[in-house]
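What's counted below: heavy atoms across the whole structure, side chains too, no hydrogens, waters or symmetry copies. Quick note on labels: first sequence line is chain A, next is B, and so on, each numbered from 1.
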Amino acid sequence: MRRVKLERISALGRDPWGHRFDDHQPIHDVRALEPHVPPKDEAGHQPPGPVARIAGRVMLRRTAGKAIFLDLRDWTGKIQVFCGKSQVGDEHWALLQEMDLGDLLGIDGTLGYTKTGELTIFATKITFLGKSILPPPEKWHGLTDVEQRYRNRSVDLFSNQESMSAFLSRSRIIAAVRSTLGAKNFIEVETPTMQAIAGGAAARPFVTHHNTLDLELYLRIAPELYLKRLLVGGMERVFEIARVFRNEGISTRHNPEFTMMECYQAYGDYNSMMDLTESIFTAAIKAVDGQFVRPLNGRSVDFTPPWSRWTYSELFLEHVGCEIHDTVAVASKAFAKGFDTEGVAHDVLVSNLFEEYVEDALEGPVFVTDYPASLCPLTKRKTTDPAVAERFELFVQGMELANAYTELNDPILQESLFRNQLAGQKAEDSMAKMDHEFIDALKHAMPPAGGLGIGIDRMVMVLLDKPSIRDVILFPLLRPKGQDSASAEPLESENRPEPKSEFEGM
RNA sequence: GCCCCUUUAGCUCAAUUGGCAGAGCAGCUGACUCUUAAUCAGCGGGUUGAUGGUUCGAGUCCAUCAGGGGGCACCA
């Protein structure tokens with residue numbers, strides 16, 4: 001039926017798909033013209049107000065004989081449009097008969113009030129900018145099915161304004177992260193997404209293959225080792241907003257590809273990074289709504305800096321109830337909790353107990369500092385206590401939002417720690433390999449440095465109070481919905497002829 | 001990978017102990033130049049996720065499979 005209307009619109013000499021539509025105003029700006037709308041005269045008549053030209057999607061329609069009320073929405077807001085037959089003329093009135101919910105229209109008219117006092121554009125001209133030949137979702141409930149919202153994001157965005165506003169906020173948050181770093185003289189760089197050795201974090205990588213080089217490549221699990229090479233090269237402050245890929249489970253807090261901001265500051269340390277983290281969050285909050293006391297999961301979190309800072313061992317003592325170095329007490333606590341303690345290293349038990357007792361109890365925002373050195377091999381130890389690493393993590397309601405270190409720049413120690421780490425790995429994880437080129441780079445001397453990583457998706461979740469990471473990633477990974485499961489034919493890539501490089505030079 | 005829940009019209013949802021698959025919105029036809037999820041009258045709309053089983057009879061019970069959600073595990 002909607003397709004029939006396409007032809008009728010063409011028959012009226014109009015293009016249902018529209019063309020360039022210059023000088024239209026964002027609906028938000030049009031609404032801001034309200035003070036310029038002249039008051040009604042004694043007879044209750046509305047003199048014409050400011051001229052307006054908008055483009056938007058028809059969300060709602062109310063017909064009343066020879067008048068039609070439309071609610072038009074663009075990405076800045078919504079406004080009512082009045083179309084009266086005598087006001088728009090027969091030609092445009094005929095066009096309006098072919099209009100459906102979901103269509104994109106351009107409207108020229110003047111601003112004024114209706115009898116009921118609603119700010120309205122009184123249309124004089126209607127332009128089709130895009131005919132929707134699929135019906136939009138139900139006008140009141142919209143798309144509520146979560147699967148549909150993730151799978152069919154186009155429809156979700158135009159029918160659920162809170163979804164649109166979340167992604168607009170995400171964009172502003174990322175812009176705030178960029179400008180904060182830029183203002184502190186960090187430069188933005190791009191490092192390889194495809195890496196021969198996927199290093200810089202403990203995670204399983206995705207594997208891919210380069211045909212011409214016949215090379216196994218991995219999608220990066222972190223940009224870290226490349227950013228540090230830049231420190232060696234003399235780029236003293238670098239950052240990357242990096243998409244990283246980890247071949248692991250999916251949950252409300254994990255998507256296989258996600259966005260991480262990593263930055264490195266030469267001649268700094270983890271304390272510099274704590275201050276920087278507060279600056280970044282402060283700028284991001286100002287970019288969203290400026291409210292430092294924010295709702296989160298039905299509770300409230302106060303982001304007003306400075307945030308509290310506690311050492312790992314202080315928190316361990318407080319929540320677990322024994323000294324971190326008390327081997328016997330730790331083992332008995334772990335055993336009481338039901339952990340397997342047989343032959344498990346003391347530090348592993350400590351780490352498990354910490355995760356079990358402490359992390360969930362951290363309302364935050366709180367910096368947890370000074371981790372046991374054995375848990376973080378890429379970190380410089382404290383000069384006063386070599387068993388403690390200069391590292392912090394930022395927690396909010398038990399969720400880890402940021403992770404920072406005083407980076408290890410001793411290539412000899414780094415290499416031996418790498419070897420120890422690799423020696424302890426299961427065969428399954430043997431993809432991890434020694435990155436000799438990275439070690440060689442360090443041998444040219446990397447400045448002492450602070451390094452910081454912030455999980456952008458989680459940061460957005462927390463600032464916008466979204467319970468699932470899928471609410472802040474436009475296109476989260478979902479299983480492809482097979483039309484019929486038989487179409488999932490086995491890939492015989494081995495036998496397939498090499499595709500010709502049709503995109504050479506692109 | 002394991003456990004629980006879920007899948008009915010384009011969308012949002014009903015359907016009693018197993019007994020003719022329904023409503024609202026959207027759509028179509030008509031009325032109405034100030035409506036606010038407009039209203040009023042009429043009409044059309046379905047492989048109940050898929051396959052098999054039990055039964056005189058399955059949306060409902062059973063099995064398998066698929067998608068999705070939540071939790072656990074893996075993982076920062």
Side-chain angles (χ1 to χ4, degrees), chain A residues 1-2 4-5 40 44-46 58-71 78-88 93 96-97 100-102 112-120 122-123 132-152 155-156 159-160 200-205 221-222 244 246-256 258 260 351 354-355 359 368 371 375-376 391 393-395 398-404 426 428-429 453-455 457-458 467-470 476 478-488:
Chain A
M1 190 63 221
R2 285 175 178 239
V4 173
K5 291 182 177 177
K40 293 184 179 180
H45 209 267
Q46 172 72 59
V58 179
M59 302 307 292
L60 233 48
R61 174 181 49 185
R62 296 174 289 280
T63 61
K66 296 183 176 57
I68 300 177
F69 294 87
L70 303 177
D71 280 358
K78 192 181 79 172
I79 195 163
Q80 176 170 272
V81 175
F82 175 89
C83 307
K85 188 180 182 190
S86 63
Q87 287 86 346
V88 299
W93 185 253
L96 275 171
Q97 307 312 306
D100 289 300
L101 291 183
Y113 293 103
T114 58
K115 269 183 188 164
T116 50
E118 174 149 351
L119 188 66
T120 298
F122 291 83
S132 168
I133 56 176
L134 285 178
E138 208 252 6
K139 63 185 180 186
W140 185 242
H141 298 92
L143 262 200
T144 59
D145 183 78
V146 262
E147 176 181 0
Q148 288 299 316
R149 295 189 47 203
Y150 299 148
R151 232 179 245 292
N152 198 355
V155 175
D156 175 44
S159 55
N160 296 102
R204 301 238 289 272
I221 56 175
V244 299
R246 299 189 180 178
N247 204 342
E248 276 151 10
I250 296 178
S251 79
T252 48
R253 290 172 302 283
H254 302 265
N255 194 60
F258 62 102
M260 171 128 104
S351 175
F354 190 88
E355 284 172 17
E359 290 191 0
V368 179
Y371 280 64
L375 299 179
C376 17
R391 172 195 192 185
E393 289 191 306
L394 170 65
F395 283 92
M399 185 154 78
E400 179 210 340
L401 292 184
N403 189 7
K426 294 167 281 185
E428 186 187 27
D429 299 326
I454 295 180
D457 311 276
R458 290 181 175 184
S468 169
I469 200 168
R470 296 189 187 102
L478 297 174
R479 229 183 220 95
K481 192 134 186 169
Q483 298 306 325
D484 52 318
S485 52
S487 74

Side-chain N or O of A:T114 closer than 4.0 Å to phosphate OP1/OP2 of B:U35: no
Does the side chain of A:R479 get closer than 4.0 angstrom to OP1 or OP2 of B:A66 through an N or O atom? no
Dot-bracket, 5' to 3', for RNA chain B please: Watson-Crick or G-U pairs under 3.5 Å, [ ] where pairs cross earlier ones, | where the partner sits on another strand, dots elsewhere. (((((((..((((.....[..)))).(((((.......))))).....(((((..]....))))))))))))....
Would you mind classifying the nucleic acid contact of [X] as base, sugar-phosphate or nothing, using non-hydrogen atoms under 4.0 angstrom?
| X | result |
| --- | --- |
| A:S86 | base |
| A:R149 | nothing |
| A:I68 | nothing |

Indicate yes or no for a side-chain donor-acceptor contact from A:Q87 to the backbone of A:C83 under 3.5 Å, with no hydrogens or angles considered. no
Is there any protein nitrogen or oxygen under 3.5 Å from a nitrogen or oxygen in nucleotides 24-31 of chain B, and what are the pairs?
residue : atom : partner : partner atom : Å
B:C25   : O3'  : A:K139  : NZ           : 3.3
B:A26   : OP1  : A:K139  : NZ           : 2.9
B:G27   : OP1  : A:R61   : NH2          : 2.6
B:C28   : OP1  : A:K5    : NZ           : 2.7

Could you list the protein-to-nucleotides 2-6 of chain B atom pairs, N/O on both sides, closer than 3.5 Å?
none

When A:Y113 and A:R253 are each assigned the nearest nucleotide of RNA chain B, the 5'-most assignment goes to A:Y113
Which residues pass the side-chain hydrogen bond (donor to acceptor under 3.5 Å, both in side chains) test with A:R253, sequence neighbours left out? none
Using the side-chain hydrogen bond (donor to acceptor under 3.5 Å, both in side chains) criterion, which residues pair with A:E393? Sequence neighbours excluded. A:Y371, A:R391
For A:T120, the side-chain contact (heavy atoms from CB on, under 4.5 Å) test, sequence neighbours excluded, returns A:Q80, A:F82, A:T114, A:E118, A:F122
